[in-house]
Amino acid sequence: MNQRIIILDFGGQYTQLIARRVRQMKVYSYVVNHKTPAEEIRAMNPSGIILSGSPATLRVEDAPRCDEGVFSLGVPVLGICYGMQLMAKMLGGDVSMADKREYGLADVTFDTASPLFQDMPKSSPCWMSHTDQVVTLPKGFANIAHTPSCPVAAMGDDDRKLYGIQFHPEVTHSVDGMRVIEAFLRRICGCTQEWEMSGYAETAIRQIQEAVGEGTVLLALSGGVDSSVVAALLYKAIGSRLHCVFVDHGFMRKGEPEMVKEVFTAHFPVSLTCVDAGERFMEKLKNISDPETKRKIIGAEFIAVFRDEAAKLGKLDHFAQGTIYPDVIESGAVEGSNVIKSHHNVGGLPKELGFTSLVEPLRMLFKDEVRQLGLVLGLPREMVFRQPFPGPGLAIRCIGDLTKDKIHIVRESDAILREEIAAAGLDASVNQYFTVLTGVRSVGVMGDERTYFNAVAIRAVTTDDFMTADWARIPYDTLALISRRIVNEVSGVNRVLLDVTTKPPASIEWE
Ligand code: XMP
């Protein structure tokens with residue numbers, strides 16, 4: 001993992017995506033604050049530097065800038081959108097407001113003699129989103145692309161290996177965008193090594209060993225992808241000095257507590273404390289029907305149970321968390337690749353428990369990389385590709401107050417739904433799917449008898465980011481099978497409904 005690309009973040013909406021695309025080309029990359037001093041960047045030994053876009057404009061005094069030294073490190077630099085404008089301005093060129101704001105697809109014509117565009121067609125549609133543009137090139141630069149309304153859509157200084165592009169190669173709308181990124185990485189930066197998850201696992205294990213030393217680590221194991229991967233990684237790094245606490249609040253899906261126990265006793269034999277706290281949670285939730293109150297009670301009770309169990313283990317040195325890269329970038333805490341950080345003011349659980357030292361071995365990985373790492377470490381596929389599941393679990397899929405019978409209905413109907421979605425081969429294309437006990441009862445007939453039983457709803461969505469979602473078009477025959485099995489196999493249910501609402505206006509969960 002010696003070769004790396006450093007991305008200076010000026011606050012552009014696509015910064016994460018740039019990091020993602022570089023890693024997709026199998027070159028390790030990470031994002032740092034645009035103010036990072038050039039000497040610090042030099043110490044990171046990058047093969048190349050990318051300047052991100054930004055919502056800012058260079059027409060104002062306090063526009064974000066990078067250290068001037070960035071351009072004289074002898075390291076190739078690619079400025080994207082604002083990054084290009086900044087490079088032009090800082091190196092003696094000029095930027096001004098375009099006559100017309102350019103937003104959307106534009107046909108870019110390339111100078112294919114430039115090393116950046118050698119693999120490009122003569123012209124190609126690229127995504128543009130800018131108000132300002134370069135009007136005077138800095139000394140040493142050539143104009144290497146244009147659009148009908150942007151005379152300088154890219155610029156390059158081959159001697160110093162400094163390049164700027166006004167369009168966004170990282171978004172999928174720019175059909176040949178990945179070719180530009182690849183040319184920058186391979187031809188201009190000379191990146192040859194392949195960044196692979198197996199190599200990353202070894203590095204992360206070594207870093208954990210160095211950081212933790214002879215110390216001990218506490219991990220709250222939830223059964224989710226991130227905490228499971230952290231557990232597997234830490235087990236490989238420090239073995240029995242990892243202590244995991246798994247709190248079963250009684251609202252897990254069918255088979256999940258058993259899977260967690262099996263994996264982390266048989267395959268990764270960590271020191272595991274399993275707490276069967278179902279009764280304790282149910283007691284606290286008696287007669288509570290308001291969704292937010294349910295969530296708050298479950299959150300607080302989780303911390304209380306965890307604190308009790310952690311106390312029994314005695315004082316441990318570090319607290320491990322499955323923080324992943326998008327969380328790190330979003331919190332603005334972009335920095336180097338350390339897996340361990342000392343926080344003076346850590347929030348949530350670690351603070352409650354008095355920990356100031358956090359081990360976060362996934363903080364440089366995107367979600368799909370976490371899954372790859374899980375597979376490399378040998379975790380079962382069903383754990384690694386587990387669909388998202390809310391912390392409060394089935395409790396918020398059971399509308400209104402909770403009883404064991406109601407939870408039983410959601411759990412069993414959900415298990416049938418999951419089985420049939422998998423059997424129909426839909427589990428990779430439907431991003432989240434579950435059943436909800438609606439709280440509505442309706443009249444039915446079973447045999448010769450009238451029933452007055454529960455209605456269960458199927459919620460299944462397709463989504464990229466879970467911020468917006470569409471309802472999944474599950475084939476009617478699969479729905480028919482799911483419905484028939486639920487009313488036949490789950491007692492207390494005589495009706496199955498399908499939720500056909502997008503998010504927004506509905507949320508994915510019902511509570
Ligand atoms: P909503 O219902 O807000 O859900 O559209 C978006 C995504 O977030 C998940 N979700 C949660 N995840 N704790 C979690 O860890 C929670 O309390 C929680 N609530 C919702 C939800 O399952 C969906 O994937």
Side-chain angles (χ1 to χ4, degrees), residues 219-228 245-254 256-257 260 275-310 319 321-324 326-327 330-331 346-353 386-411 413-414 417 431-440 454 456-461 463 465-469 499 501-511:
L219 170 69
L221 187 58
S222 69
V225 183
D226 302 341
S227 70
S228 300
V245 175
F246 169 61
V247 176
D248 181 1
H249 49 23
F251 308 123
M252 301 285 284
R253 283 175 293 206
K254 190 172 181 175
E256 283 197 327
V260 172
V275 195
D276 184 358
E279 296 291 341
R280 194 168 156 172
F281 278 84
M282 209 45 132
E283 187 59 33
K284 290 269 178 199
L285 288 160
K286 215 184 229 165
N287 299 325
I288 305 290
S289 55
D290 174 63
E292 276 315 297
T293 316
K294 278 159 82 173
R295 280 172 180 274
K296 284 203 184 100
I297 291 173
I298 294 168
E301 194 58 13
F302 183 87
I303 292 182
V305 174
F306 193 84
R307 201 198 293 116
D308 291 352
E309 293 304 320
F319 189 82
Q321 273 187 332
T323 316
I324 67 171
D327 309 328
E330 249 152 51
S331 71
V346 287
L349 202 48
K351 192 176 168 197
E352 285 276 331
L353 298 166
R386 179 186 193 254
Q387 49 167 324
F389 188 59
L394 302 180
I396 56 163
R397 293 178 179 172
C398 206
I399 307 310
D401 66 323
L402 302 172
T403 64
K404 278 189 186 166
D405 288 346
K406 290 183 184 176
I407 294 293
H408 177 79
I409 290 176
V410 196
R411 181 176 286 130
S413 55
D414 177 74
L417 174 75
N431 303 100
Q432 194 171 7
Y433 43 95
F434 51 88
T435 57
V436 178
L437 183 59
T438 61
V440 169
N454 293 287
V456 162
I458 295 171
R459 180 65 163 151
V461 295
T463 171
D465 55 9
F466 298 89
M467 307 290 283
T468 60
D499 181 344
T501 334
T502 55
K503 171 185 178 176
S507 51
I508 296 175
E509 303 288 346
W510 275 38
E511 279 197 339

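Each residue takes its place number in the sequence, starting with 1. Computed from a predicted model, the values in this text were never measured in an experiment.
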Apply side-chain contact (heavy atoms from CB on, under 4.5 Å) to [X] and list each qualifying residue two or more places apart in sequence or on a separate chain.
X: Glu279; answer: Lys404
X: Ala300; answer: none
X: Asp226; answer: Ile324, Leu362, Lys367, Val370
X: Thr463; answer: Asn431, Val461, Asp465, Phe466, Ala469

Less than 4.5 Å apart, any side-chain heavy atom of Ile407 and any of Met282?
->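 Ile407 vs Met282: side chains touch.
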Measure the shortest side-chain to side-chain distance between Val247 and Glu309 over non-hydrogen atoms and say whether it is less than 4.5 angstrom.
->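 No - every pair of side-chain heavy atoms lies 4.5 Å or more apart.
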Got more than 12 heavy atoms from elsewhere within 6.0 Å of NZ, Lys284?
-> no
Closest contact, heavy atoms only, Leu417 versus Tyr433 = CD2-C, 3.8 Å
Heavy-atom pair with the smallest gap, counting every atom of Glu511 and Ser289 =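 For Glu511 and Ser289, the tightest heavy-atom pair comes out as OE2-O, 4.0 Å.
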Not counting sequence neighbours, list each pair that qualifies as a ring pair (Phe, Tyr, Trp, His ring centres under 6.0 Å) and has a residue in residues 391-410.
->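 Listed once each, the pairs would be none.
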Would you give the length of the straight line joining atom [atom1] of [X] to atom [atom2] of [Y], rounded to the nearest 0.5 angstrom?
X: Ile508; Y: Thr501; atom1: CD1; atom2: OG1; answer: 11.5 Å
X: Ile297; Y: Leu402; atom1: CD1; atom2: CG; answer: 9.5 Å
X: Asp414; Y: Ile409; atom1: CG; atom2: CD1; answer: 13.0 Å
X: Thr435; Y: Trp510; atom1: OG1; atom2: CH2; answer: 10.5 Å
X: Ile288; Y: Lys296; atom1: CD1; atom2: NZ; answer: 12.0 Å
X: Arg411; Y: Lys254; atom1: CZ; atom2: NZ; answer: 9.5 Å

Which residues pass the salt bridge (charged side-chain N to carboxylate O under 4.0 Å, His left out) test with [X], not counting sequence neighbours?
X: Arg459; result: Asp499
X: Asp308; result: Arg280
X: Arg253; result: Glu256

Among all residues two or more places apart in sequence or in another chain, which pass the ring pair (Phe, Tyr, Trp, His ring centres under 6.0 Å) test with Phe434?
->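 Counting only residues at least two positions away or on another chain, Phe434 forms no ring pair (Phe, Tyr, Trp, His ring centres under 6.0 Å).
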Can you list the residues that meet the ring pair (Phe, Tyr, Trp, His ring centres under 6.0 Å) rule with Phe251, with sequence neighbours excluded?
-> His249
Any donor-acceptor pair under 3.5 Å from Ser227 side chain to Ser222 backbone = yes
Output all residues satisfying side-chain hydrogen bond (donor to acceptor under 3.5 Å, both in side chains) with Arg295, sequence neighbours left out; order by chain, then residue number.
-> none
For residues 394-401, dump all side-chain donor-acceptor pairs below 3.5 Å to protein atoms at least two apart in sequence or in another chain.
unit_1	atom_1	unit_2	atom_2	d
Arg397	NE	Glu509	OE1	2.9
Arg397	NH2	Glu509	OE2	2.8
Asp401	OD1	Lys406	NZ	3.0

